[in-house]
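Below: the structure, in structure tokens.
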Amino acid sequence: MDLNNDYNNKASLRVRRTREFNNFINKLYMLKYYFDNGGEEIPYSKDYFEKHLFFITMHFKSGIYSAKNSSSIYNSKPLFDGFKLWFLMLVENALGKRAGQSIKHQPLTMAYLDVEGTAWGNAAEVFQTPHLHAVMLLHPKKRDEFASYLESDEALKFRETFVSKIDVIPFTDDGRGIAPVLTYAAKYARNQMANQRFDWLFEAYPSVSEFSYPFYKKLKTLSNGLSETL
């Protein structure tokens, strides 16, 4: 299953309700949790997610990717291209030069477009400073390698001319599980799905086909057996 082709298809996105999308991303991360821990459905573990889940924000320099007016078509793809470069740098530093041979250990990550004001439900139509939110779930066998690099100066001071800074925050469960952080990251992208103004609202990483990333290949089988309580 190619997540990017499947869920960036605008015709498909327009018919998805907010609740459906929230359920989709919650199930996605829970399925990855099962997959990385033997494949069977297991109870939610607060300790596991606090150790393996990270909330990331990539900030861009003001004016570089601004929206000129409230009706202009917005080309958001370059922002995701920048995030992909950072993701690939992270992978190479955590897994080494032969990272492609260990693709199953690359962290599942969903990145979403966001703009100022969405935290208060008042997103600007003309915005000067877009940013990306992402949620990254590390593989348990390579958790320490990725976590160590995520906290390094090199990762946080990504040297691309259009990036101003990167924030990496380990997940903390406030008693509600992972759903709040997932839906917060996706809030703007989710609400803009029917808006033809945007060419790219979110992207999954690794950005590869189902044949390259074992979790994507197994995703449909896992989803079919998923508990209705999720």
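The shown structure was predicted, so the numbers you read here are calculated from the model rather than taken from an experiment.
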Spacing of [X] atom [atom1] and [Y] atom [atom2] [to the nearest 0.5 Å]:
| X | Y | atom1 | atom2 | result |
| --- | --- | --- | --- | --- |
| L150 | I169 | CG | CD1 | 12.0 Å |
| I178 | T183 | CD1 | OG1 | 10.0 Å |
| L79 | K84 | CG | NZ | 15.0 Å |
| I166 | F83 | CD1 | CZ | 8.0 Å |
| H105 | H139 | NE2 | NE2 | 4.5 Å |
| L113 | L132 | CG | CG | 6.5 Å |

So, [X] side chain and [Y] main chain: donor-acceptor pair closer than 3.5 Å or not?
| X | Y | result |
| --- | --- | --- |
| N26 | Y29 | no |
| D199 | S76 | yes |
| W86 | A155 | yes |
| R190 | F21 | no |

Least distance between heavy atoms, [X] atom then [Y] atom:
| X | Y | result |
| --- | --- | --- |
| N93 | E154 | OD1-OE1, 4.0 Å |
| G177 | F171 | O-CZ, 3.4 Å |
| M110 | A204 | SD-CB, 3.4 Å |
| I25 | L182 | CD1-O, 3.5 Å |
| F215 | L28 | CZ-O, 3.7 Å |
| H131 | F60 | CA-CD1, 3.8 Å |

Pick from Y112, Y213, F87, Y216: which one makes a ring pair (Phe, Tyr, Trp, His ring centres under 6.0 Å) with Y205?
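Between Y205 and the candidates, ring pair (Phe, Tyr, Trp, His ring centres under 6.0 Å) is satisfied uniquely by F87.
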Find out whether I42 and Y48 are in side-chain contact, i.e. whether some heavy atom of one side chain is under 4.5 Å from a heavy atom of the other.
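No, every pair of side-chain atoms sits at 4.5 Å or beyond.
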Considering only heavy atoms from C-beta outward, does the side chain of Q106 approach that of I103 to under 4.5 Å?
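The answer is yes; the side chains approach within 4.5 Å.
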Of all residues at least two apart in sequence or in a different chain, which pass the salt bridge (charged side-chain N to carboxylate O under 4.0 Å, His left out) check with E92?
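E92 satisfies salt bridge (charged side-chain N to carboxylate O under 4.0 Å, His left out) with K97 once adjacent residues are dropped.
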Can K32 be said to sit on top of F35's aromatic six-ring, NZ or CZ under 6.0 Å from centre and within 45° of the ring axis?
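Judged by the rule, K32 and F35 form no cation-pi pair.
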How far apart are the C-alpha atoms of Y33 and F49, what are their side-chain angles, what is the distance that settles it, and do they pass the ring pair (Phe, Tyr, Trp, His ring centres under 6.0 Å) test?
CA-CA 9 Å; Y33 166 55; F49 281 100; 4.9 Å; yes
Identify, with sequence neighbours excluded, every residue that meets side-chain hydrogen bond (donor to acceptor under 3.5 Å, both in side chains) alongside N191.
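Expected list: none.
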Who passes side-chain hydrogen bond (donor to acceptor under 3.5 Å, both in side chains) against D153, sequence neighbours left out?
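If we apply the side-chain hydrogen bond (donor to acceptor under 3.5 Å, both in side chains) test to D153, skipping adjacent residues, there are no hits.
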Given the rule in the side-chain contact (heavy atoms from CB on, under 4.5 Å) test, do H133 and K187 qualify, once you have shown the distances and angles that lead to the verdict?
CA-CA 10 Å; H133 288 310; K187 61 188 182 304; 3.8 Å; yes
One pair to check against side-chain contact (heavy atoms from CB on, under 4.5 Å): H59 and D167. What are the steps and the verdict?
CA-CA 8 Å; H59 303 270; D167 298 321; 2.8 Å; yes
Between F146 and L90, is the side-chain contact (heavy atoms from CB on, under 4.5 Å) condition met? List the steps.
CA-CA 7 Å; F146 277 98; L90 173 70; 3.8 Å; yes
Heavy-atom count check: over 12 atoms from other residues, nucleotides or ligands less than 6.0 Å from K104 NZ?
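No.
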side-chain contact (heavy atoms from CB on, under 4.5 Å) between E50 and T172, worked out:
CA-CA 6 Å; E50 288 193 334; T172 299; 3.8 Å; yes
Is a salt bridge present between K77 and D81, judged by a nitrogen-to-oxygen distance below 4.0 Å?
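Yes, this pair counts.
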Using only heavy-atom distances, determine whether the side chains of Y44 and D173 contain a donor-acceptor pair under 3.5 Å.
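Distance-only check passes for Y44 and D173.
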